[in-house]
Asker: 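Structure provided below as C-alpha coordinates; questions to follow.
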2 protein chains.
Amino acid sequence: MPQSKLKPIVNTRIQARNKELILDAALDIFSAFGFRGATVDQIAAKSEMSKPNLLYYFRRKEDIYVALLEHTLSDWLKPLAELNPSGDPLIELSRYISAKMEMSEANPKASRLFANEILHGAPMIEKFLKGPLKQLVNEKAQVIKSWIAAGKLAPIDPYHLIFAIWAVTQHYADFSVQVDAVLGRREDIRTAQKAVLEILLRGLKV
Amino acid sequence: MPQSKLKPIVNTRIQARNKELILDAALDIFSAFGFRGATVDQIAAKSEMSKPNLLYYFRRKEDIYVALLEHTLSDWLKPLAELNPSGDPLIELSRYISAKMEMSEANPKASRLFANEILHGAPMIEKFLKGPLKQLVNEKAQVIKSWIAAGKLAPIDPYHLIFAIWAVTQHYADFSVQVDAVLGRREDIRTAQKAVLEILLRGLKV
DNA sequence: ATAATTCTTGATCAAATGGTCAAGAGCGGA
DNA sequence: TCCGCTCTTGACCATTTGATCAAGAATTAT
(Lines give C-alpha, C1' and ligand atoms only; values in the text may rest on other atoms or scores of the structure.)
Protein backbone atom coordinates (compact mmCIF):
# COMPACT_ATOMS: atom_id res chain seq x y z
CA MET A 1 0.00 0.00 0.00
CA PRO A 2 1.70 3.18 -1.18
CA GLN A 3 2.24 5.84 1.41
CA SER A 4 0.31 8.70 -0.14
CA LYS A 5 1.85 12.14 0.08
CA LEU A 6 1.46 12.81 3.78
CA LYS A 7 3.92 14.64 5.99
CA PRO A 8 7.28 12.95 6.54
CA ILE A 9 6.62 9.81 8.55
CA VAL A 10 10.11 8.45 8.30
CA ASN A 11 13.05 10.66 9.14
CA THR A 12 15.76 11.03 6.56
CA ARG A 13 19.36 10.48 7.53
CA ILE A 14 19.95 14.23 7.58
CA GLN A 15 16.98 14.73 9.84
CA ALA A 16 18.18 12.11 12.28
CA ARG A 17 21.67 13.61 12.38
CA ASN A 18 20.55 17.21 12.74
CA LYS A 19 17.87 16.52 15.32
CA GLU A 20 20.50 14.72 17.35
CA LEU A 21 22.90 17.64 16.99
CA ILE A 22 20.20 20.05 18.08
CA LEU A 23 19.17 17.97 21.09
CA ASP A 24 22.79 17.65 22.20
CA ALA A 25 23.29 21.38 22.00
CA ALA A 26 19.92 22.06 23.60
CA LEU A 27 20.78 19.91 26.62
CA ASP A 28 23.86 22.03 27.20
CA ILE A 29 21.98 25.28 26.91
CA PHE A 30 18.71 24.40 28.64
CA SER A 31 20.44 22.71 31.57
CA ALA A 32 22.67 25.72 32.06
CA PHE A 33 20.09 28.48 31.69
CA GLY A 34 16.65 26.91 32.08
CA PHE A 35 13.88 27.06 29.52
CA ARG A 36 13.31 30.78 29.70
CA GLY A 37 16.99 31.60 30.08
CA ALA A 38 18.06 29.67 27.02
CA THR A 39 17.77 31.31 23.62
CA VAL A 40 17.20 29.72 20.25
CA ASP A 41 20.24 31.60 18.96
CA GLN A 42 22.44 29.99 21.59
CA ILE A 43 21.23 26.52 20.67
CA ALA A 44 21.63 27.26 16.98
CA ALA A 45 25.17 28.52 17.54
CA LYS A 46 26.12 25.48 19.62
CA SER A 47 24.74 23.09 17.00
CA GLU A 48 26.57 25.07 14.28
CA MET A 49 23.39 25.70 12.39
CA SER A 50 21.51 28.79 11.29
CA LYS A 51 18.49 29.69 13.38
CA PRO A 52 15.97 29.25 10.55
CA ASN A 53 17.48 25.85 9.85
CA LEU A 54 17.14 24.81 13.45
CA LEU A 55 13.52 25.97 13.37
CA TYR A 56 13.00 23.84 10.31
CA TYR A 57 13.55 20.77 12.48
CA PHE A 58 11.79 22.02 15.60
CA ARG A 59 9.17 24.63 14.80
CA ARG A 60 9.17 26.18 18.24
CA LYS A 61 11.66 26.54 21.06
CA GLU A 62 9.26 24.65 23.28
CA ASP A 63 9.29 21.69 20.89
CA ILE A 64 13.04 21.26 21.40
CA TYR A 65 12.60 21.40 25.15
CA VAL A 66 9.78 18.85 25.21
CA ALA A 67 11.61 16.52 22.85
CA LEU A 68 14.65 16.73 25.09
CA LEU A 69 12.66 15.87 28.19
CA GLU A 70 10.89 12.97 26.53
CA HIS A 71 14.20 11.81 25.12
CA THR A 72 15.53 11.20 28.62
CA LEU A 73 12.46 10.36 30.70
CA SER A 74 12.73 6.64 30.12
CA ASP A 75 16.39 6.64 31.16
CA TRP A 76 15.23 8.24 34.35
CA LEU A 77 12.97 5.36 35.29
CA LYS A 78 15.29 2.56 34.30
CA PRO A 79 17.40 2.11 37.46
CA LEU A 80 14.36 2.13 39.75
CA ALA A 81 12.54 -0.27 37.47
CA GLU A 82 15.43 -2.68 37.88
CA LEU A 83 14.94 -2.98 41.64
CA ASN A 84 14.54 -6.72 41.98
CA PRO A 85 11.85 -7.90 44.47
CA SER A 86 13.46 -11.29 44.91
CA GLY A 87 16.94 -9.97 45.49
CA ASP A 88 18.53 -9.10 48.81
CA PRO A 89 17.11 -5.73 49.96
CA LEU A 90 20.38 -4.12 50.99
CA ILE A 91 22.14 -5.25 47.85
CA GLU A 92 19.29 -4.11 45.64
CA LEU A 93 19.07 -0.71 47.28
CA SER A 94 22.82 -0.40 47.20
CA ARG A 95 22.78 -1.10 43.49
CA TYR A 96 20.04 1.44 42.95
CA ILE A 97 21.80 4.16 44.91
CA SER A 98 25.07 3.48 43.12
CA ALA A 99 23.34 3.62 39.76
CA LYS A 100 21.79 6.98 40.64
CA MET A 101 25.13 8.34 41.83
CA GLU A 102 26.71 7.26 38.59
CA MET A 103 23.97 8.95 36.62
CA SER A 104 24.64 12.16 38.53
CA GLU A 105 28.29 11.86 37.63
CA ALA A 106 27.84 10.80 34.02
CA ASN A 107 24.99 13.10 33.06
CA PRO A 108 24.61 15.99 35.43
CA LYS A 109 23.09 18.09 32.67
CA ALA A 110 20.07 15.83 32.35
CA SER A 111 19.65 15.90 36.11
CA ARG A 112 19.72 19.69 36.14
CA LEU A 113 17.28 19.84 33.27
CA PHE A 114 14.74 17.85 35.28
CA ALA A 115 15.50 19.67 38.49
CA ASN A 116 14.86 22.98 36.81
CA GLU A 117 11.64 21.76 35.26
CA ILE A 118 10.31 20.43 38.56
CA LEU A 119 11.50 23.45 40.50
CA HIS A 120 9.35 25.60 38.24
CA GLY A 121 6.24 23.50 38.69
CA ALA A 122 6.87 20.82 36.07
CA PRO A 123 4.52 22.41 33.52
CA MET A 124 5.68 20.11 30.73
CA ILE A 125 5.97 16.79 32.56
CA GLU A 126 3.04 16.86 34.97
CA LYS A 127 1.53 13.86 33.20
CA PHE A 128 4.75 11.90 33.47
CA LEU A 129 4.95 12.57 37.19
CA LYS A 130 1.34 11.65 37.90
CA GLY A 131 1.34 8.73 35.49
CA PRO A 132 4.34 6.48 34.80
CA LEU A 133 6.48 7.82 37.62
CA LYS A 134 3.76 7.55 40.25
CA GLN A 135 2.88 4.06 39.08
CA LEU A 136 6.45 2.83 39.20
CA VAL A 137 7.05 4.32 42.62
CA ASN A 138 3.88 2.70 43.95
CA GLU A 139 5.04 -0.62 42.61
CA LYS A 140 8.49 -0.35 44.13
CA ALA A 141 7.10 0.95 47.42
CA GLN A 142 5.17 -2.31 47.62
CA VAL A 143 8.39 -4.21 47.07
CA ILE A 144 10.05 -2.34 49.92
CA LYS A 145 7.01 -2.93 52.14
CA SER A 146 7.20 -6.64 51.45
CA TRP A 147 10.87 -6.63 52.43
CA ILE A 148 9.98 -4.90 55.67
CA ALA A 149 7.11 -7.33 56.30
CA ALA A 150 9.53 -10.19 55.77
CA GLY A 151 11.79 -8.70 58.44
CA LYS A 152 14.60 -8.08 55.95
CA LEU A 153 14.59 -4.30 56.28
CA ALA A 154 14.04 -1.77 59.05
CA PRO A 155 10.50 -0.35 59.13
CA ILE A 156 10.93 2.83 57.14
CA ASP A 157 8.29 4.62 55.05
CA PRO A 158 9.10 3.39 51.54
CA TYR A 159 7.96 6.53 49.74
CA HIS A 160 10.10 8.81 51.82
CA LEU A 161 12.99 6.41 51.49
CA ILE A 162 12.75 6.71 47.72
CA PHE A 163 12.51 10.50 48.00
CA ALA A 164 15.58 10.53 50.21
CA ILE A 165 17.54 8.46 47.72
CA TRP A 166 16.53 10.78 44.88
CA ALA A 167 17.30 13.87 46.91
CA VAL A 168 20.74 12.79 48.04
CA THR A 169 21.95 11.29 44.80
CA GLN A 170 20.71 14.08 42.57
CA HIS A 171 22.12 16.65 44.97
CA TYR A 172 25.59 15.82 43.66
CA ALA A 173 24.55 16.76 40.14
CA ASP A 174 22.16 19.62 40.80
CA PHE A 175 24.10 21.33 43.58
CA SER A 176 27.62 20.40 42.51
CA VAL A 177 28.63 24.04 42.58
CA GLN A 178 27.76 24.20 46.26
CA VAL A 179 29.34 20.84 47.06
CA ASP A 180 32.58 21.86 45.37
CA ALA A 181 32.56 25.30 46.98
CA VAL A 182 32.11 23.89 50.47
CA LEU A 183 34.70 21.15 50.02
CA GLY A 184 37.09 23.55 48.32
CA ARG A 185 37.71 21.09 45.51
CA ARG A 186 36.10 19.00 42.83
CA GLU A 187 34.45 16.18 44.74
CA ASP A 188 35.61 12.65 43.95
CA ILE A 189 32.67 10.52 42.93
CA ARG A 190 33.99 7.38 44.64
CA THR A 191 34.28 9.07 48.01
CA ALA A 192 30.84 10.59 47.69
CA GLN A 193 29.32 7.30 46.61
CA LYS A 194 30.81 5.43 49.54
CA ALA A 195 29.62 8.06 52.02
CA VAL A 196 26.13 8.17 50.54
CA LEU A 197 25.78 4.41 50.66
CA GLU A 198 26.76 4.39 54.32
CA ILE A 199 24.47 7.25 55.28
CA LEU A 200 21.44 5.86 53.51
CA LEU A 201 21.88 2.15 54.10
CA ARG A 202 23.25 1.94 57.61
CA GLY A 203 19.88 2.71 59.14
CA LEU A 204 18.05 0.19 57.00
CA LYS A 205 19.60 -2.88 58.53
CA VAL A 206 17.27 -4.80 60.80
CA MET B 1 28.82 67.20 62.57
CA PRO B 2 26.06 67.86 60.03
CA GLN B 3 25.53 65.23 57.38
CA SER B 4 26.26 67.25 54.24
CA LYS B 5 24.04 66.69 51.23
CA LEU B 6 25.07 63.21 50.25
CA LYS B 7 22.81 60.52 48.82
CA PRO B 8 20.14 59.16 51.16
CA ILE B 9 21.92 57.32 53.94
CA VAL B 10 18.88 56.72 56.03
CA ASN B 11 15.81 55.22 54.43
CA THR B 12 12.58 57.08 54.76
CA ARG B 13 9.51 55.26 55.99
CA ILE B 14 8.12 55.14 52.47
CA GLN B 15 11.37 53.61 51.20
CA ALA B 16 11.34 50.95 53.87
CA ARG B 17 7.73 50.05 53.14
CA ASN B 18 8.10 49.98 49.37
CA LYS B 19 11.39 48.10 49.34
CA GLU B 20 9.74 45.51 51.53
CA LEU B 21 6.74 45.31 49.20
CA ILE B 22 9.03 44.88 46.22
CA LEU B 23 11.13 42.18 47.87
CA ASP B 24 8.02 40.26 48.88
CA ALA B 25 6.68 40.37 45.36
CA ALA B 26 10.09 39.58 43.90
CA LEU B 27 10.41 36.44 46.01
CA ASP B 28 7.14 35.19 44.57
CA ILE B 29 8.17 35.92 41.01
CA PHE B 30 11.86 34.97 41.07
CA SER B 31 11.21 31.72 42.95
CA ALA B 32 8.54 30.74 40.44
CA PHE B 33 10.31 31.71 37.22
CA GLY B 34 14.01 32.10 38.01
CA PHE B 35 16.06 35.22 37.40
CA ARG B 36 15.81 35.21 33.65
CA GLY B 37 12.23 33.99 33.60
CA ALA B 38 10.96 36.71 35.88
CA THR B 39 10.12 40.09 34.41
CA VAL B 40 10.26 43.50 36.02
CA ASP B 41 6.69 44.07 34.89
CA GLN B 42 5.53 41.00 36.80
CA ILE B 43 7.23 42.16 39.97
CA ALA B 44 5.85 45.66 39.55
CA ALA B 45 2.35 44.30 39.03
CA LYS B 46 2.59 42.04 42.08
CA SER B 47 3.82 44.88 44.27
CA GLU B 48 1.05 47.11 42.88
CA MET B 49 3.49 49.69 41.70
CA SER B 50 4.37 51.21 38.35
CA LYS B 51 7.51 49.89 36.71
CA PRO B 52 9.36 53.23 36.81
CA ASN B 53 8.50 53.54 40.45
CA LEU B 54 9.86 50.10 41.18
CA LEU B 55 13.03 51.02 39.30
CA TYR B 56 13.28 54.12 41.45
CA TYR B 57 13.93 51.86 44.42
CA PHE B 58 16.03 49.24 42.66
CA ARG B 59 17.78 50.62 39.59
CA ARG B 60 18.23 47.27 37.90
CA LYS B 61 16.40 43.94 37.94
CA GLU B 62 19.60 42.33 39.15
CA ASP B 63 19.67 44.64 42.17
CA ILE B 64 16.32 43.29 43.35
CA TYR B 65 17.54 39.74 42.91
CA VAL B 66 20.78 40.31 44.79
CA ALA B 67 19.02 42.19 47.60
CA LEU B 68 16.60 39.31 47.90
CA LEU B 69 19.37 36.73 48.15
CA GLU B 70 21.31 38.75 50.70
CA HIS B 71 18.11 39.37 52.61
CA THR B 72 17.76 35.66 53.33
CA LEU B 73 21.33 34.31 53.36
CA SER B 74 21.75 34.79 57.08
CA ASP B 75 18.48 32.94 57.79
CA TRP B 76 19.94 30.11 55.81
CA LEU B 77 22.93 29.67 58.08
CA LYS B 78 21.13 30.11 61.38
CA PRO B 79 19.91 26.54 62.09
CA LEU B 80 23.27 24.99 61.28
CA ALA B 81 25.05 27.61 63.37
CA GLU B 82 22.92 26.55 66.32
CA LEU B 83 24.25 23.00 66.31
CA ASN B 84 25.55 22.74 69.86
CA PRO B 85 28.87 20.88 70.30
CA SER B 86 28.19 20.07 73.93
CA GLY B 87 24.70 18.75 73.33
CA ASP B 88 23.71 15.16 72.64
CA PRO B 89 24.58 14.39 69.00
CA LEU B 90 21.34 12.67 68.07
CA ILE B 91 19.23 15.34 69.71
CA GLU B 92 21.23 18.13 68.12
CA LEU B 93 21.05 16.60 64.65
CA SER B 94 17.38 15.84 65.16
CA ARG B 95 16.78 19.46 66.04
CA TYR B 96 18.72 20.63 63.00
CA ILE B 97 16.86 18.34 60.62
CA SER B 98 13.50 19.36 62.08
CA ALA B 99 14.40 23.02 61.74
CA LYS B 100 15.32 22.51 58.09
CA MET B 101 12.10 20.62 57.44
CA GLU B 102 10.13 23.45 59.00
CA MET B 103 11.97 25.97 56.85
CA SER B 104 11.03 23.95 53.78
CA GLU B 105 7.42 24.04 54.89
CA ALA B 106 7.31 27.65 56.02
CA ASN B 107 9.30 29.23 53.23
CA PRO B 108 9.55 26.99 50.18
CA LYS B 109 9.94 30.03 47.96
CA ALA B 110 13.23 31.04 49.56
CA SER B 111 14.43 27.46 49.20
CA ARG B 112 13.53 27.44 45.52
CA LEU B 113 15.21 30.77 44.99
CA PHE B 114 18.49 29.37 46.28
CA ALA B 115 18.06 26.08 44.51
CA ASN B 116 17.60 27.87 41.22
CA GLU B 117 20.58 30.10 41.82
CA ILE B 118 22.86 27.17 42.65
CA LEU B 119 21.48 25.02 39.85
CA HIS B 120 22.56 27.71 37.41
CA GLY B 121 26.07 27.94 38.78
CA ALA B 122 25.49 30.36 41.68
CA PRO B 123 26.82 33.38 39.76
CA MET B 124 25.64 35.83 42.43
CA ILE B 125 26.48 33.95 45.63
CA GLU B 126 29.75 32.25 44.80
CA LYS B 127 31.47 34.27 47.50
CA PHE B 128 28.90 33.30 50.07
CA LEU B 129 29.36 29.62 49.26
CA LYS B 130 33.16 29.73 49.33
CA GLY B 131 33.26 32.07 52.32
CA PRO B 132 30.78 32.06 55.20
CA LEU B 133 29.06 28.83 54.21
CA LYS B 134 32.28 26.88 53.75
CA GLN B 135 33.63 28.17 57.01
CA LEU B 136 30.52 27.28 58.97
CA VAL B 137 30.37 23.80 57.45
CA ASN B 138 34.03 23.21 58.29
CA GLU B 139 33.36 24.25 61.84
CA LYS B 140 30.34 21.99 62.22
CA ALA B 141 32.07 19.09 60.49
CA GLN B 142 34.67 19.31 63.24
CA VAL B 143 31.91 19.12 65.82
CA ILE B 144 30.54 15.99 64.20
CA LYS B 145 34.03 14.51 63.99
CA SER B 146 34.51 15.11 67.69
CA TRP B 147 31.23 13.34 68.41
CA ILE B 148 32.40 10.38 66.36
CA ALA B 149 35.79 10.37 68.08
CA ALA B 150 34.00 10.34 71.43
CA GLY B 151 32.10 7.26 70.32
CA LYS B 152 28.76 9.06 70.43
CA LEU B 153 28.02 8.77 66.74
CA ALA B 154 28.58 6.20 64.00
CA PRO B 155 31.65 6.91 61.86
CA ILE B 156 30.12 8.80 58.96
CA ASP B 157 31.77 11.42 56.75
CA PRO B 158 30.52 14.66 58.32
CA TYR B 159 30.54 16.69 55.12
CA HIS B 160 28.43 14.20 53.23
CA LEU B 161 26.14 13.87 56.21
CA ILE B 162 25.51 17.60 56.07
CA PHE B 163 24.97 17.41 52.30
CA ALA B 164 22.51 14.57 52.81
CA ILE B 165 20.56 16.57 55.39
CA TRP B 166 20.41 19.56 53.07
CA ALA B 167 19.42 17.44 50.10
CA VAL B 168 16.64 15.56 51.83
CA THR B 169 15.11 18.46 53.73
CA GLN B 170 15.22 20.92 50.85
CA HIS B 171 13.81 18.28 48.53
CA TYR B 172 10.42 18.79 50.14
CA ALA B 173 10.44 22.46 49.20
CA ASP B 174 12.23 22.35 45.86
CA PHE B 175 10.60 19.22 44.46
CA SER B 176 7.24 19.48 46.18
CA VAL B 177 5.46 19.21 42.84
CA GLN B 178 7.06 15.81 42.31
CA VAL B 179 6.46 14.67 45.87
CA ASP B 180 2.79 15.61 45.66
CA ALA B 181 2.39 14.06 42.22
CA VAL B 182 3.88 10.75 43.30
CA LEU B 183 1.92 10.60 46.53
CA GLY B 184 -1.24 11.75 44.79
CA ARG B 185 -1.90 14.32 47.49
CA ARG B 186 -0.47 17.28 49.34
CA GLU B 187 2.13 15.77 51.63
CA ASP B 188 1.64 16.27 55.35
CA ILE B 189 4.69 17.89 56.88
CA ARG B 190 4.47 15.93 60.12
CA THR B 191 4.55 12.59 58.35
CA ALA B 192 7.42 13.67 56.14
CA GLN B 193 9.38 15.05 59.08
CA LYS B 194 8.99 11.85 61.07
CA ALA B 195 10.07 9.71 58.12
CA VAL B 196 13.06 11.91 57.34
CA LEU B 197 14.25 11.84 60.94
CA GLU B 198 14.09 8.06 60.96
CA ILE B 199 15.85 7.65 57.64
CA LEU B 200 18.67 10.04 58.44
CA LEU B 201 19.19 9.33 62.12
CA ARG B 202 18.67 5.59 62.44
CA GLY B 203 22.03 4.85 60.88
CA LEU B 204 23.88 7.32 63.05
CA LYS B 205 23.40 5.47 66.30
CA VAL B 206 26.53 3.75 67.54
C1' DA C 1 19.29 13.74 -16.55
C1' DT C 2 15.72 15.95 -14.44
C1' DA C 3 11.88 16.69 -11.69
C1' DA C 4 10.42 16.59 -6.98
C1' DT C 5 11.57 16.97 -2.54
C1' DT C 6 14.33 18.22 1.25
C1' DC C 7 17.46 21.29 3.28
C1' DT C 8 19.57 25.90 4.19
C1' DT C 9 19.81 30.81 5.01
C1' DG C 10 19.78 36.21 4.76
C1' DA C 11 16.54 39.39 5.63
C1' DT C 12 12.89 40.69 8.22
C1' DC C 13 9.02 41.15 11.68
C1' DA C 14 6.33 41.74 15.86
C1' DA C 15 6.27 41.25 20.60
C1' DA C 16 8.45 41.34 24.91
C1' DT C 17 11.39 43.44 27.94
C1' DG C 18 14.94 46.14 30.67
C1' DG C 19 15.57 50.59 31.35
C1' DT C 20 15.16 56.08 30.75
C1' DC C 21 13.16 60.67 31.05
C1' DA C 22 10.78 64.65 32.12
C1' DA C 23 7.18 66.43 34.48
C1' DG C 24 3.98 66.50 38.03
C1' DA C 25 2.19 65.07 42.81
C1' DG C 26 3.04 64.50 47.61
C1' DC C 27 5.45 65.15 51.94
C1' DG C 28 8.19 67.17 55.75
C1' DG C 29 10.83 70.73 57.93
C1' DA C 30 11.53 75.89 58.55
C1' DT D 1 2.73 78.72 54.34
C1' DC D 2 6.37 77.82 51.43
C1' DC D 3 10.39 75.45 49.72
C1' DG D 4 13.10 71.60 48.75
C1' DC D 5 13.30 66.91 48.49
C1' DT D 6 11.08 62.48 47.76
C1' DC D 7 7.96 59.85 45.27
C1' DT D 8 5.16 58.55 41.18
C1' DT D 9 4.03 57.80 36.43
C1' DG D 10 2.81 57.97 31.22
C1' DA D 11 5.35 57.92 27.32
C1' DC D 12 9.13 56.36 25.17
C1' DC D 13 13.48 53.87 23.58
C1' DA D 14 16.85 50.25 22.24
C1' DT D 15 17.73 45.61 22.35
C1' DT D 16 16.69 40.93 22.49
C1' DT D 17 14.34 37.21 20.92
C1' DG D 18 11.01 33.78 18.98
C1' DA D 19 9.37 33.10 14.69
C1' DT D 20 8.40 33.73 9.41
C1' DC D 21 9.30 33.93 4.51
C1' DA D 22 10.94 33.56 0.04
C1' DA D 23 14.45 32.01 -2.64
C1' DG D 24 18.31 29.31 -3.65
C1' DA D 25 21.33 24.90 -2.83
C1' DA D 26 21.61 20.08 -2.14
C1' DT D 27 19.75 15.57 -2.25
C1' DT D 28 16.85 11.83 -3.78
C1' DA D 29 13.85 9.17 -6.70
C1' DT D 30 12.57 7.90 -11.34
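Each chain gets a letter, A, B and so on, in the order the sequences are listed, and its residues count up from 1.
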Asker: Does A/N18 make a side-chain N or O approach to OP1 or OP2 of C/dT6 shorter than 4.0 Å?
Answerer: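 Answer no for this pair, as no side-chain N or O of A/N18 is under 4.0 Å from OP1 or OP2.
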Asker: Does D/dC7 have OP1 or OP2 under 4.0 Å away from a side-chain N or O of B/Y56?
Answerer: yes
Asker: Output yes when at least one side-chain N/O atom of B/Y57 is less than 4.0 Å from OP1 or OP2 of D/dT8, else no.
Answerer: yes
Asker: So what does B/A38 hit on the nucleic acid, given a heavy-atom distance under 4.0 Å: a base, only sugar-phosphate, or nothing?
Answerer: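 If one applies the 4.0 Å heavy-atom cut-off, B/A38 turns out to touch the sugar-phosphate alone, with no base involved.
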Asker: Please report, rounded to the nearest Å, how far the P atom of C/dC27 is from the CZ atom of B/R17.
Answerer: 10 Å
Asker: If you pin B/I14 and B/F35 to their nearest nucleotides in DNA chain C, which one's is more 5'?
Answerer: B/F35
Asker: From C-beta outward on B/K51, which listed nucleotide comes closest to its side chain: D/dG18, C/dG18, C/dC7?
Answerer: C/dG18
Asker: Does the side chain of B/T191 come within less than 4.5 Å of A/Y159's, by heavy atoms?
Answerer: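 Of all side-chain heavy-atom pairs linking B/T191 with A/Y159, none is under 4.5 Å.
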Asker: A/L55 near the nucleic acid: base, sugar-phosphate alone, or nothing, with a heavy-atom cut-off under 4.0 Å?
Answerer: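 It contacts base atoms.
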Asker: Report the distance from atom CD of A/Q42 to atom C1' of D/dT17, rounded to the nearest whole Å.
Answerer: 11 Å
Asker: Between C1' on C/dG19 and CG on B/D63, what's the gap in Å once rounded to a whole number?
Answerer: 12 Å
Asker: Measure the shortest side-chain to side-chain distance between A/F175 and A/D180 over non-hydrogen atoms and say whether it is less than 4.5 angstrom.
Answerer: no
Asker: Counting only heavy atoms from other residues, nucleotides and ligands, does the tally under 6.0 Å from CD of B/E187 exceed 12?
Answerer: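 Atom CD in B/E187 is packed in, count exceeds 12.
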Asker: In whole Å, I'd like the distance from the CD1 atom of B/I43 to the P atom of C/dG19.
Answerer: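 Taking CD1 of B/I43 and P of C/dG19, I get 11 Å after rounding.
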Asker: Tell me whether the side-chain N/O atoms of A/Q15 come closer than 4.0 Å to OP1 or OP2 in C/dT6.
Answerer: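 A/Q15 to C/dT6 OP1/OP2: no side-chain N or O under 4.0 Å.
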Asker: What heavy-atom pair brings B/I162 and B/A141 nearest, and what distance separates the two atoms?
Answerer: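 In this case the closest contact between B/I162 and B/A141 is CD1-N, 4.4 Å.
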Asker: Which nucleotide, C/dG10, D/dT8, C/dG18, lies nearest any side-chain atom of B/S50?
Answerer: D/dT8
Asker: Find the distance B/R13:CZ to C/dG29:C1' and express it as a whole number of Å.
Answerer: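 From B/R13 CZ to C/dG29 C1': 13 Å.
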Asker: Between C/dG18, D/dG18, C/dT8, which nucleotide has the shortest distance from any of its atoms to the side chain of A/V40?
Answerer: D/dG18
Asker: Give a yes/no answer on whether the side chain of B/R36 brings an N or O atom under 4.0 Å of OP1 or OP2 in D/dT17.
Answerer: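 Yes, B/R36 has a side-chain N/O under 4.0 Å of OP1/OP2 on D/dT17.
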Asker: Once you round it to whole Å, what is the distance between P of D/dG10 and CG of B/D41?
Answerer: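 It works out to 13 Å between those atoms.
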Asker: Given 3.5 Å as the limit, does a donor-acceptor pair link the side chain of A/T169 with the main chain of A/M101, or not?
Answerer: no
Asker: Could you state the atom-to-atom distance from CE of A/M49 to C1' of C/dT6 in whole Å?
Answerer: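 After rounding, the gap between these two atoms is 14 Å.
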Asker: From the options D/dT17, C/dT17, C/dC21, select the nucleotide whose nearest atom is closest to the side chain of B/T39.
Answerer: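 That would be C/dT17.
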Asker: Is there a donor N/O on one and an acceptor N/O on the other, under 3.5 Å, for the side chain of B/K61 and the base of C/dG19?
Answerer: no
Asker: Could you tell me whether A/K19 atom NZ has more than 12 heavy atoms of other residues or ligands within 6.0 Å of it?
Answerer: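 Above 12, so yes.
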Asker: Would you say A/N53 reaches C/dC7's phosphate, i.e. side-chain N/O to OP1/OP2 under 4.0 Å?
Answerer: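 Answer no for this pair, as no side-chain N or O of A/N53 is under 4.0 Å from OP1 or OP2.
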Asker: Measure from the side chain of B/R60, starting at C-beta and using heavy atoms only, and say which of D/dC21, C/dG19, D/dT9 lies closest.
Answerer: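 Selected nucleotide (nearest to the side chain): C/dG19.
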Asker: When the distance from OH of B/Y65 to C1' of C/dT17 is rounded to whole Å, what number comes out?
Answerer: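 Rounded to the whole Å, the gap is 18 Å.
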